[in-house]
Protein chains: 2
Amino acid sequence: MTDSEEKPIEFGAESSVPKAVVNRLSLYLRELQHLIRDGRETTSSTFLGARLGLTDAQVRKDLAYFGQFGHPGIGYRCPELVQEIRRILGTHRQWRVAIVGLGNLGTALVGHRGFSEQGFRVVAAFDTDLTKVDRKIHETPIYHIDRLPQIVQEEEIKLGIIAVPAASAQIVADALVSAGVEGLLNFAPVTISVPEGVSIVGVDLAIELEQLSFNVVNRQ
Amino acid sequence: MTDSEEKPIEFGAESSVPKAVVNRLSLYLRELQHLIRDGRETTSSTFLGARLGLTDAQVRKDLAYFGQFGHPGIGYRCPELVQEIRRILGTHRQWRVAIVGLGNLGTALVGHRGFSEQGFRVVAAFDTDLTKVDRKIHETPIYHIDRLPQIVQEEEIKLGIIAVPAASAQIVADALVSAGVEGLLNFAPVTISVPEGVSIVGVDLAIELEQLSFNVVNRQ
DNA sequence: TAGATTGTTAATCGATTAACAATC
DNA sequence: TAGATTGTTAATCGATTAACAATC
């Protein structure tokens, strides 16, 4: 935030990929995994797109940002494309994750199936409530928040999930970042700032319902 | 999905508002609510935008889709703009909501503070598990899923939250729609189809972590 | 070979930003 | 009045779609 006046002209080289493309990549991955379970070996951009309400051109263009994964005349081999997308997203390896805040939502997230299925392993949970500390939920040990710096380092935790009230979200974010976490998933209904080099994704469940409300009222 | 070949040329008239604009509207609302709590009476497009990493022009343009809410030379009066945005989103009134599926996530969502704070009232929860049925969580009665059609109608439920496994998500969606629900918030990691006139918003928590993973790997 | 389907270029469409007269 | 800030138009930028040669 200090000496940045000029655009980073050559830097990551990859920053040309639109956010929307990366989001669709996750949808392709999910759909491909369903196709594989249904016993399909290959698929086409037209078929894959139709399942998601997208054009065939968009599917091909999205994938073309990252390489050539298809076979002209044949389409995409499902397991092959799954592997490629997981590599692109970085979920071909396991991520070690911490959850901070064991209220309703945080507690639910510790045991969330979808996380482990996609390569995210919740290895630690933190709270201030002494009655929760030193127990386990779904195999995951619960620590007092004071031990966050220590545990994050020892357990080599790289991602943090913030599930505390809005009022403490920024403080928790700062603590996680100081401890060495590189990415945050924030469920608190507040905008959080992080230093450059740290990533943040926000999910506000009430906002999702608001979007739905708008769509219903405007019949969309 | 059957006889649709031509585009709906004149229909809702409102379908010219980009999805991204509506999403930012929710962010403006959230930020304004924080400003009010901090005792601020007015704000400017520059200030509001800065808090969200947006330009002043974008804030003004977004709001201009819906009307003229600002005061030249002064800015926006916070409580006034909050009211306007809530009216636009449809959250100035209470929505009656049902949750289907009382696993980890569904159970957490029944008591989710953020929902009630923004005008969403969870008035019924459904599950197949007989040990859960006929109890209450956080004041909300739990019914057997067989009673869904009856309760949705009696309770005038207009929104449904799907928190069941992927395998049963489409069936639950169909049941909710048949019963008269007009909007669905889907947490199951699967693409769901709904008839025209019904809205659906999907939230896949694993996908959110995947997006974070991509950002971390590509330092964004 | 004929049919299917890719990757990619060019054309189109839509969203964001910059600029500024109008207003308080 | 001078300074601040809006709403809106025009210019810019970026994303999506269409088209098609290359490939299996």
Side-chain angles (χ1 to χ4, degrees), chain A residues 7-9 12-28 31-32 35 40-78 80-82 84-85 88 220, chain B residues 5-9 12-28 31-32 35 40-78 80-82 84-85 88 220:
Chain A
K7 286 261 185 64
I9 298 173
E14 196 91 55
S15 61
S16 52
V17 183
K19 215 166 102 166
V21 171
V22 183
N23 203 79
R24 286 194 295 268
L25 229 45
S26 278
L27 295 176
Y28 301 150
E31 214 56 46
L32 286 162
L35 291 178
R40 286 192 61 130
E41 306 213 327
T42 65
T43 190
S44 67
S45 55
T46 306
F47 186 86
L48 192 55
R51 305 252 306 202
L52 294 162
L54 306 170
T55 65
D56 57 324
Q58 183 153 64
V59 174
R60 295 197 300 277
K61 195 89 207 292
D62 286 347
L63 296 172
Y65 274 98
F66 305 98
Q68 305 189 162
F69 310 125
H71 305 274
I74 290 159
Y76 301 89
R77 302 214 163 87
C78 298
E80 190 181 304
L81 189 52
V82 162
E84 293 290 356
I85 295 178
I88 295 163
Q220 280 173 109
Chain B
E5 199 58 33
E6 47 207 329
K7 285 258 184 68
I9 296 173
E14 195 90 54
S15 61
S16 52
V17 182
K19 214 166 103 169
V21 170
V22 183
N23 202 79
R24 286 193 295 268
L25 229 46
S26 279
L27 294 177
Y28 300 150
E31 214 57 45
L32 286 162
L35 292 177
R40 288 191 61 126
E41 306 213 326
T42 66
T43 189
S44 66
S45 55
T46 307
F47 186 85
L48 192 54
R51 305 250 308 200
L52 295 162
L54 306 171
T55 65
D56 58 324
Q58 182 152 66
V59 174
R60 295 198 300 278
K61 195 91 207 292
D62 286 347
L63 296 173
Y65 274 98
F66 306 98
Q68 305 188 162
F69 309 124
H71 306 273
I74 289 158
Y76 301 88
R77 303 217 163 86
C78 297
E80 191 181 304
L81 189 52
V82 161
E84 293 290 357
I85 296 179
I88 296 163
Q220 280 173 109

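Quick caveat, the model's predicted, so the values are computed rather than measured. Letters A, B, ... are given to chains in the order of the sequence lines, protein chains preceding strands, and every chain is numbered from 1. Note: hydrogens, waters and symmetry copies are ignored here, and every other heavy atom, side chains too, is used.
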Please tabulate the protein-to-nucleotide N/O contacts below 3.5 Å involving nucleotides 20-24 of chain D, giving atom names and distances.
residue, atom, partner, partner atom, Å
dC24(D), O4', Pro72(A), O, 3.3

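- One distance of note links OG1 of Thr43(A) with CG of Leu35(A); it measures 5.5 Å at 0.5 Å rounding.
- Between Tyr76(A) and Leu63(A), some side-chain heavy-atom pair lies under the 4.5 Å cut-off.
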N/O donor-acceptor pairs under 3.5 Å from side chains in residues 50-58 of chain A, not counting sequence neighbours:
residue, atom, partner, partner atom, Å
Arg51(A), NE, Glu31(A), OE2, 3.0
Arg51(A), NH2, Glu31(A), OE2, 2.9
Thr55(A), OG1, Gln58(A), N, 3.1
Asp56(A), OD2, Arg60(A), NH1, 3.1

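- The distance from atom CG of Leu63(A) to atom P of dT6(C) is 9 Å, rounded to the nearest whole Å.
- Rounding to the nearest 0.5 Å gives a distance of 9.0 Å between CD1 of Ile85(A) and CZ of Phe66(A).
- Across the protein-nucleic acid pair, Phe69(A) atom CZ and dG7(C) atom P stand 9 Å apart, rounded to whole Å.
- With rounding to the nearest 0.5 Å, the separation of OG in Ser44(B) from CD1 in Ile74(B) is 12.5 Å.
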Could you run down the sub-3.5 Å N/O contacts of the protein with nucleotides 14-17 of chain D?
residue, atom, partner, partner atom, Å
dT16(D), OP1, Arg24(A), NH1, 3.2
dT16(D), OP2, Arg24(A), NH2, 3.1
dT16(D), O5', Gln58(A), NE2, 3.1
dT17(D), OP2, Thr55(A), OG1, 3.2

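- When heavy atoms are screened at a 4.0 angstrom cut-off, Ser45(B) is found touching the sugar-phosphate backbone but no base atom.
- Across all strands, Phe47(B) comes closer than 4.0 Å to no nucleic acid atom at all (heavy-atom distances).
- In this structure the side chain of Phe69(A) reaches within 4.5 angstrom of the side chain of Ile88(A), judged on heavy atoms.
- Between Tyr76(A) atom OH and dT5(C) atom P the separation is 11 Å, expressed in whole Å.
- With sequence neighbours left out, the side-chain contact (heavy atoms from CB on, under 4.5 Å) criterion links Gln68(B) to no other residue.
- Within the 4.5 Å cutoff, the side chain of Tyr28(A) has no heavy atoms near those of the Leu81(A) side chain.
- For the pair Arg40(B) and Phe47(B), the distance from NZ or CZ to the six-membered ring centre is under 6.0 Å and the angle to the ring normal is within 45 degrees.
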- Task: State the dot-bracket string of DNA chain D. Criteria: Watson-Crick or G-U wobble, both atom distances under 3.5 angstrom; notation: ( ) intrastrand, [ ] crossing earlier pairs, | interstrand, . unpaired.
- Result: ..||||||||||||||||||||||
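- Distance OG1/Thr42(B) to NE2/His71(B): 9.5 Å, rounded to 0.5 Å.
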Show me the side-chain donor-acceptor pairs of residues 17-27 of chain B shorter than 3.5 Å, one per line, residues at least two apart or across chains.
residue, atom, partner, partner atom, Å
Arg24(B), NE, Asp62(B), OD2, 2.6
Arg24(B), NH2, Asp62(B), OD1, 3.0
Arg24(B), NH2, Asp62(B), OD2, 3.4
Ser26(B), OG, Glu210(A), OE1, 2.6
Ser26(B), OG, Gln211(A), NE2, 2.9

